[in-house]
Structures are given as C-alpha cells and as structure tokens.
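What follows is a single structure, written as structure tokens, with notes after it.
Sequence positions, counted from 1, serve as the residue numbers for this chain. Values below: every heavy atom of this structure, side chains too, minus hydrogens, waters and symmetry copies.
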Amino acid sequence: MIRSDSLLGCMLLGALAGQFGGLIFGLAMLELGDLDSVASVLRIDDSFFVGVPLHVAIAAVVGAGFGALVWHQRSGAGDTLLWGLTYGALWWFVGPLTLRPLFEGGGLAWDVPSAQAAFAPLLGHLLYGAATGVGLLALRRQRIRWPARGELTRGVLAGLVAGCIVGAVLSSQARLHLFAAMSEEDATAITWLVLLSISGLSGMGFALLVPRPSDSAGAGLVRGSMYGFLLWALLNRTILPLIAGDGLPWSANDARGDFAALFAYLLFGGILGLGYQWLDALWRILFADDIGEDDEEGAGTRGLRAIGRGVIAGLVGGLLFTYVMVEIRGLEDVADLVRTDSATAGLAVHFLIAVTWGVTYGLLFRRQAHDRGSAIGWGVSYGFFVWVVGPNTLMPILLGSTPDWTADSAAGLTASLVGHLVYGAGLGITFHHFEAKYSPWWMPHGMAAAARATRRREQVLTSAPALWALVVVIGITLPVVLATAAATSSSGYGGGP
C-alpha cells in the first residue's frame with residue numbers, strides 16, 4: 001500500500017489534484033473556444049476528441065510534478081495554495097511559451113507579442129495551479145486548523161479597512177467600478193456596497209488560509225499582496241464577469257483596459273495582510289497568555305535596533321538605486337516633490353525616501369530573514385510593493401494629481417521597477433547582515449546561530465520561496481505584457497524608492 005506521505009503517494013495525489021485543476025482550466029478553455037487547439041501539440045488540426053484527452057493527460061503529469069514539489073512542504077491551506085499559484089505561473093513559461101511552440105514545430109515564444117497573445121493561458125495556468133493546490137490539500141486529508149470566530153472577525157475587519165482605502169484611491173481616478181468588475185453606469189452607492197461586500201468576504205477568506213500567522217508583519221504584507229493577485233485573477237477576471245454574463249475577459253486587451261483593477265487588488269491584499277497581522281498581534285497582547293517569543297530585550301529596544309539597521313540598509317539600497325536614477329535622469333523628477341528641478345535636491349530627497357522605506361522595512365521585517373537568500377527574497381518582494389505604492393500611487397498624489405494606474409503608465413516605469421527591485425535586494429541583505437551579527441549578551445553565540453538555522457529550515461518549508469518567485473514573475477511580466485509597444489519602449493521614471 002502506498003502511503004500518502006511518501007514521494008510516490010504524494011505524486012499520485014498530485015496527479016488526481018491536477019485533474020481537478022485541469023477541469024477548471026478546461027472549462028475556461030471551453031468557454032473561450034480554445035480547448036480544441038490543444039491538439040496542435042501533436043501537430044493535428046483543431047480536434048475536440050484529441051484535445052480533451054491530451055489536456056487531461058497533461059494536467060495529470062503536471063499535477064504529479066506539483067505533488068513532488070510540495071512533498072516536504074507544510075500542508076497548511078495558505079502555503080499549499082500559494083505554492084500552487086506559483087507553480088501554475090511558472091508552467092505558463094514552460095508550457096505555452098516554450099514546450100508548445102517547440103512541439104508545434106516553431107521556435108521559442110520568448111518575446112512580448114507572443115506573451116501578449118498567450119495572456120489568456122496565463123490566467124488559466126494560475127487558476128489551474130490554485131485549484132490543484134486546493135485539490136491536493138483536500139486529498140492529503142491532513143488536519144487543517146480552521147479559524148476561530150475571532151479570527152474570522154479580524155479578517156472581515158481588515159478586509160473592510162483595506163476596501164475603504166483602495167476604494168478611496170479608485171474613486172479619485174473615477175475607476176471605482178473596476179474593483180467589482182461593474183459597468184461605469186452603475187450607481188456609486190451600489191458599487192461601494194459590492195466593493196465592501198467583496199472586501200469583507202475576501203478578508204474572511206484570508207483568515208481561512210492563514211488563521212494564526214507566526215511570522216512578521218512584513219511577511220503578512222507580501223502574502224496579502226499575492227492573495228490580492230489571486231483575487232484579481234479569480235474574482236475580477238473570472239467569477240464576477242461570468243456572473244454579469246460578460247464571458248471571460250481574459251485577453252491582454254481586456255486586462256489592459258482594466259489594469260487599475262490589478263493595482264487595486266495588489267494594494268488591497270497588502271493592506272489586508274498587514275492589517276490582519278496587526279490585529280492578530282493586538283489580540284494576543286490583550287487576551288492571550290502566550291504572546292510570542294520571550295527574551296530579555298523589550299519591544300522598544302528591538303524597535304530602536306530595527307530603526308537603526310533600517311536607516312543604514314535604506315542608505316545602501318538607495319545608493320544602489322542611485323545608479324539607475326542617474327542612468328535614466330530621474331533625480332530631477334524626484335526634485336519635483338520639493339518644487340525644484342535641481343539634481344542635488346533630487347538626490348537628497350531620494351535618500352530621504354530610501355531611508356524612510358528602509359526604516360519601515362526594519363520595523364515590518366525584523367527577525368524574518370534568516371540567511372542571505374531569504375533576505376534578498378523578502379527585500380525584492382518589499383521593493384515590488386514599494387513600487388506599487390510609491391511612484392505609481394503616492395508620487396502622483398504628493399505632486400497634486402491622482403494615481404495613474406494604467407498599463408502604459410506602469411510600463412513607462414519599468415526602469416523604476418528594476419530600480420526598486422535592486423533597492424529591495426540591497427536593503428534586505430544589508431539589514432540581515434547587521435541583524436545576524438547581533439548576538440544578545442544572555443545567549444551564547446553558538447546557541448543564537450543554531451536558533452537562526454532552525455528558523456531558516458522552518459521557513460523553507462513554508463510558502464516563503466513561492467512568494468518570492470511569484471512576486472518576481474508578476475513584477476517583471478505583467479507591466480510589460482499588458483503595455484502597448486510605445487509604452488514598453490518608454491523609460492520614464494516617476495520617483496525614488
């Protein structure tokens with residue numbers, strides 16, 4: 001008898017879960033009228049009777065690979081779902097952009113036009129991965145901790161707060177309807193009601209996935225933003241349009257026209273994850289007997305140390321970002337914040353912003369990175385979120401305008417995105433360097449190193465690596481794929497870190 005916790009057993013369960021994911025993907029392809037085209041892999045013209053069994057076989061094989069991938073991973077709902085989402089995103093590169101064109105006798109489809117043409121399969125692969133993760137979670141039959149009533153309440157509350165903030169930003173752009181996939185003619189009151197309903201239910205769903213977070217607030221922010229990305233693909237692009245009778249708006253043109261919804265869901269998820277983490281910490285402080293890790297150093301001292309390390313790490317990250325700014329002549333743009341066009345003033349403002357974000361990183365991500373790899377992963381993930389919040393959102397507001405959440409605007413800030421990712425990597429690894437060097441006086445150096453090694457091994461078993469990979473895939477792919485050719489060639493900057 002094959003055990004479900006063995007490698008072979010997990011692969012078999014993954015193949016079955018892949019069938020569930022393949023069913024979801026297949027129904028979407030059927031709705032789009034594209035299921036027959038799978039037969040082209042065998043160089044056969046569109047054939048339903050060849051395409052369907054081939055789709056089923058591929059779904060099973062890919063699902064078995066997912067089972068092998070998460071064999072040793074923690075089987076929590078949130079971790080498994082995020083691994084599935086990342087696995088689906090990576091298979092979009094392997095499948096439609098690589099293997100399929102090769103099997104069809106063509107070359108590699110590693111160019112922007114091919115990626116734009118394959119945007120619908122990207123959403124399909126994302127939903128396939130998420131559904132496969134859910135299916136595997138159910139098949140493994142391992143005990144899942146369901147959230148208590150208080151945790152669900154905190155999730156709803158965090159979701160409502162995040163929805164109000166994002167709704168206010170969308171209202172300033174006259175795009176409130178995009179969050180709920182509604183038409184512009186719908187009454188504002190109804191749109192707000194739908195938005196808050198989605199926000200509350202989404203907050204409850206987040207609590208179901210992560211009932212009791214055990215990591216830092218920064219990890220909650222990154223996890224929440226990727227949850228928001230899943231909501232964008234599942235709700236905004238799939239369920240809500242189907243309910244409205246509009247079919248599946250899965251083309252690149254459809255997503256390009258509603259690009260503001262993507263940023264809205266990313267921001268919503270980030271605020272939701274951060275808010276839920278804070279509410280959970282506040283609840284434990286007020287009512288729980290065990291409020292976390294105990295040591296001889298008070299919370300205030302830890303906070304001051306994090307601020308100091310964040311200042312230094314922010315300066316290092318800002319220094320790395322400066323090279324990008326000089327190359328694209330972005331210092332003058334930053335200087336607009338103080339109503340001047342001086343590059344010197346822009347450099348000063350740039351470093352001030354870099355330090356501010358560095359301090360925020362220190363407070364949110366302290367004790368989160370346990371080696372250089374995880375430090376870079378969390379730093380890059382944070383850099384991507386700062387890019388969404390900074391030059392795309394806060395910068396226009398501070399300049400007296402409204403956020404320009406359009407695909408062309410985001411593509412014009414591609415150089416800024418690269419700079420933010422570099423900034424995040426430098427920020428993360430510098431902060432980790434100073435944090436790892438610190439050894440409390442009451443703890444022997446060997447014991448402190450052993451504790452960090454244990455936490456590092458535990459983190460690898462969570463969805464943290466999947467989060468880092470998914471952030472990179474989203475950050476690099478979507479702004480370029482969804483932009484027009486003219487915007488993609490632009491190198492506008494739009495602000496410091």
Side-chain angles (χ1 to χ4, degrees), residues 24 27-28 31 81 85 123 126-127 130-131 134 147 151-210 223-251 253-276 279 388-389 392-393 397 402-407 478 482:
I24 302 298
L27 290 174
E31 172 72 19
L81 180 65
L85 191 63
L123 295 181
L126 290 171
L127 295 186
V134 171
E151 292 163 344
L152 290 175
T153 302
R154 293 193 288 276
V156 172
L157 181 59
L160 291 175
V161 172
C164 289
I165 295 174
V166 172
V169 177
L170 286 173
S171 294
S172 69
Q173 307 175 50
R175 291 189 172 116
L176 184 64
H177 61 285
L178 294 181
F179 190 91
M182 302 176 69
S183 65
E184 296 184 57
E185 290 76 18
D186 291 311
T188 303
I190 296 177
T191 307
W192 268 107
L193 179 62
V194 173
L195 184 150
L196 292 178
S197 299
I198 293 174
S199 301
L201 291 174
S202 299
M204 187 181 299
F206 188 80
L208 286 169
L209 293 176
V210 194
R223 186 188 301 114
S225 64
M226 294 303 98
Y227 176 70
F229 175 67
L230 173 61
L231 292 177
W232 172 76
L234 183 62
L235 291 179
N236 187 266
R237 296 288 89 196
T238 306
I239 294 178
L240 294 177
L242 287 176
I243 292 176
D246 297 331
L248 290 177
W250 277 15
S251 69
N253 286 334
D254 291 327
R256 184 181 298 120
D258 296 344
F259 187 82
L262 172 61
F263 270 22
Y265 273 94
L266 289 173
L267 187 60
F268 167 79
I271 298 173
L272 166 63
L274 188 61
Y276 183 79
L279 288 173
V388 174
V389 176
N392 287 285
T393 306
I397 293 176
T402 58
D404 186 13
W405 285 355
T406 62
L478 291 187
L482 294 181

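Between atom CG of residue L242 and atom CD1 of residue I239 there is a gap of 8.0 Å, rounded to the nearest 0.5 Å. Atoms OG and CG, on S199 and L157 in that order, are 12.0 Å from each other to the nearest 0.5 Å. Atom CG of L230 and atom CG of L235 lie 8.0 Å apart (nearest 0.5 Å). The CG atom of N392 sits 4.0 Å away from the CZ atom of F263 when rounded to the nearest 0.5 Å. The OG1 atom of T402 lies 11.0 Å from the CG atom of L170; values are rounded to the nearest 0.5 Å. With values rounded to the nearest 0.5 angstrom, T153 atom OG1 is found 10.5 Å from L279 atom CG.
In this structure the side chain of L176 reaches within 4.5 angstrom of the side chain of T188, judged on heavy atoms. A 4.5 Å side-chain heavy-atom check between L240 and V194 finds every atom pair outside the cut-off. You'll find the side chain of S202 reaches within 4.5 Å of the side chain of F268, heavy atoms only. At a threshold of 4.5 Å between non-hydrogen side-chain atoms, the residues T238 and L248 count as touching. In this structure, the side chains of R223 and L209 stay at 4.5 Å or more apart for every pair of heavy atoms. Between Y265 and F179, the closest side-chain pair of non-hydrogen atoms falls below 4.5 Å. Between Q173 and T406, every side-chain heavy-atom pair lies at or beyond the 4.5 Å cut-off. Using a 4.5 Å heavy-atom cutoff, the side chains of C164 and L196 are in contact.
Between A407 and L482, the closest heavy-atom pair is CB-O, 3.2 Å. Taking all atoms of both residues into account, the shortest heavy-atom contact from G247 to P241 is O-CB, 3.3 Å. Heavy atoms only, all atoms of each residue included: G163 and L195 are closest at O-CD2, 3.3 Å. Residues D254 and S251 share a closest heavy-atom pair of OD2-OG, 2.8 Å. Residues G203 and L272 share a closest heavy-atom pair of CA-CD1, 3.8 Å. The minimum heavy-atom distance linking A261 with L178 is given by the pair CB-O, 3.8 Å.
Remark: the backbone N or O of L262 is not paired with any side-chain donor or acceptor of N236 at under 3.5 angstrom.
Every residue two or more places apart in sequence or in another chain that forms a side chain to side chain donor-acceptor pair (under 3.5 Å) with W405 is listed here: T393.
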Exercise. Begin from the C-alpha positions of V161 and Y276 and carry the test side chain to side chain contact (heavy atoms under 4.5 Å, CB included) through to its verdict.
Key: CA-CA 10 Å; V161 172; Y276 183 79; over 6 Å; no
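In this structure, D258 pairs ionically with R237, as a charged nitrogen and a carboxylate oxygen lie closer than 4.0 Å.
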